[in-house]
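Only heavy atoms go into these numbers, but all of them, side chains included; no hydrogens, no water, no symmetry mates. Along the sequence shown, residues are numbered consecutively beginning with 1.
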Amino acid sequence: MDWTVPGGLAAGLLIATVTAPVGVSGAVFLLPVQLSVFGVPNPAVTPTNLLFNVVAGPGALWRYRHDGALRGGLARRLVLGTLPGVVVGAAIRVFALPGPDLFRLLIAILLLPLGLWLCLRTLAPARHRPPHAGELRPRALTVLAMVVGVVGGIYGIGGGSLLGPILVGRGLPVALVAPAALAATFATSLVGAAAYTLLSLVSTGDVAPDWWLGLACGTGGLIGGYLGARLQPRLPERTLRLLLGTLAAAVGALYAGQTLN
């Protein structure tokens with residue numbers, strides 16, 4: 001097990017560098033790595049992912065704030081919506097969805113069509129898109145964020161990997177969505193990790209996070225997130241949209257394959 005810490009550090013660094021430019025912390029890609037490579041048991045894999053988000057998040061957020069990208073009310077609305085949802089999701093994960101099979105199936109159902117939808121919308125001619133398609137009313141945005149918070153609490157992905165494709169797919173620019181989604185991911189992961197820690201005191205099984213692995217992956221993600229956020233302004237919007245859609249679809253396909261096998 002002496003390779004766990006350097007392996008987790010390398011995995012977190014690589015994943016966060018690729019995903020931070022599109023507002024995804026990378027925790028969703030750590031799920032198969034933790035389950036298949038490091039052998040983290042369920043449901044402990046979820047709080048371990050949330051711990052990764054807590055440690056890794058400040059790297060990208062600091063860079064986005066330094067560049068002036070973390071501004072406006074979008075981040076605030078997403079945070080206020082996702083925070084109560086993540087607590088509910090944590091309770092559902094511990095008491096209702098402890099097994100890995102249903103866990104993988106649900107994430108495949110969510111991310112595979114979402115990623116394909118975003119890629120198709122990005123490649124479609126602009127004239128087929130209604131004007132102002134990305135605008136959501138505050139109440140609708142809050143409800144969406146709350147639902148995503150529940151999902152994020154169940155899966156330990158913070159919600160950014162879902163909020164990003166949905167909002168970008170509706171037409172909002174990646175440069176606006178990415179910092180806000182990462183801010184929501186960081187806040188909800190902080191609350192979610194605390195919720196799992198408390199739930200571990202009143203439930204049986206492996207509920208507490210794998211602290212060493214989570215901290216190692218998070219440290220790598222802290223560096224990778226900063227590098228990815230610094231890289232984002234140099235990438236065209238179309239490239240960022242396709243990257244986000246491809247990442248979501250790839251994770252969905254991976255989990256679908258694991259479920260079928």
Same apolar cluster (I L V M F W Y, side chains within < 4.5 Å links), Val33/Leu222 | no

So CG of Leu242 and CD of Glu237: to nearest 0.5 Å the spacing works out to 10.0 Å

Is the backbone of Asn53 close enough, under 3.5 Å, to the side chain of Ser25 for a donor and an acceptor to pair up by distance?
-> no

Are Val18 and Leu254 connected in a single hydrophobic cluster, I mean Ile/Leu/Val/Met/Phe/Trp/Tyr linked by side-chain heavy atoms less than 4.5 Å apart?
-> no

State which residues pass salt bridge (charged side-chain N to carboxylate O under 4.0 Å, His left out) with Arg77; sequence neighbours excluded, sorted by chain then number.
-> none

Calculate, to the nearest 0.5 Å, the distance between atoms CG and OG1 belonging to Leu78 and Thr142 respectively.
-> 8.5 Å

Check: Phe38 ring centre within less than 6.0 Å of Trp3 ring centre = yes

Any donor-acceptor pair under 3.5 Å linking the side chain of Gln34 with the backbone of Thr48?
-> no

Test Leu244 against every option in Thr122, Leu118, Val177 by the side chain to side chain contact (heavy atoms under 4.5 Å, CB included) rule and name the one that passes.
-> Leu118

For the student: nearest non-hydrogen atoms of Ala108 and Pro113, plus distance = O-CD, 3.7 Å

Do Leu190 and Leu80 belong to the same hydrophobic cluster, where Ile, Leu, Val, Met, Phe, Trp and Tyr are linked whenever their side-chain heavy atoms lie under 4.5 Å apart, directly or via other members?
-> no

Spell out, yes or no, whether Val148 and Leu114 are grouped together once hydrophobic residues are joined by side-chain heavy atoms under 4.5 Å, including indirect joins.
-> yes

Among Ile, Leu, Val, Met, Phe, Trp and Tyr joined by side-chain contacts under 4.5 Å, find the other residues sharing a cluster with Val55 and list them by chain and number.
-> Leu51, Trp211, Leu215

Starting from the C-alpha separation in whole Å, work towards a yes-or-no answer on side chain to side chain contact (heavy atoms under 4.5 Å, CB included) for Leu50 and Val54.
-> CA-CA 6 Å; Leu50 292 173; Val54 171; 5.6 Å; no

Are the side chains of Leu182 and Tyr64 in touch, meaning some heavy atoms are under 4.5 Å apart?
-> yes

Where the side chain of Thr19 meets the backbone of Val24, is there a donor-acceptor pair that is under 3.5 Å apart?
-> yes

Can you measure from CG (Leu213) to CG (Leu9) and round to the nearest 0.5 angstrom?
-> 11.0 Å

Would you give the length of the straight line joining atom CG of Asp210 to atom CG of Asn49, rounded to the nearest 0.5 angstrom?
-> 11.0 Å

How is the hydrophobic cluster of Leu227 composed, in terms of its other members, when Ile, Leu, Val, Met, Phe, Trp and Tyr link through side-chain heavy atoms under 4.5 Å apart, directly or indirectly?
-> Leu13, Trp62, Ile223, Tyr226

Answer whether the closest heavy-atom distance between the side chains of Leu123 and Arg238 falls below 4.5 Å.
-> yes

To the nearest 0.5 Å, how far apart are CD in Gln232 and CG in Leu243?
-> 10.5 Å

Over all atoms of both residues, closest heavy-atom pair of Ala60 and Ala229 | O-CB, 3.8 Å

Over all heavy atoms of both residues, which pair between Phe52 and Ala27 is shortest? Give the atoms and the distance, please.
-> CE2-N, 3.7 Å

Measure across Leu30 and Ala11 and return the closest heavy-atom pair with its distance rounded to 0.1 Å.
-> CD2-CB, 4.1 Å

Has the side chain of Thr239 got a donor or acceptor atom that lies under 3.5 Å from a matching backbone atom of Leu235?
-> no

Common cluster, Leu74/Leu163, ILVMFWY with side-chain heavy-atom separation under 4.5 Å = yes

Sequence neighbours left out, what pairs pass salt bridge (charged side-chain N to carboxylate O under 4.0 Å, His left out) with at least one residue falling in residues 43-63?
-> Arg63-Asp67

Looking at Ala20 and Gly225, what are the two nearest heavy atoms and their distance?
-> CB-O, 3.7 Å

Of all heavy-atom pairs linking Gly221 and Ala56, the shortest is C-CB, 3.5 Å

With clusters built from Ile, Leu, Val, Met, Phe, Trp and Tyr whose side-chain heavy atoms come within less than 4.5 Å, directly or transitively, what are the remaining members of the cluster of Leu83, listed by chain and number?
-> Val79, Val86, Val87, Val191

Contact check, side chains of Thr246 and Cys119, non-hydrogen atoms, under 4.5 Å = yes

Report the hydrophobic cluster partners of Met146, with the cluster defined as I, L, V, M, F, W, Y residues connected by side-chain heavy atoms closer than 4.5 angstrom, directly or transitively.
-> none

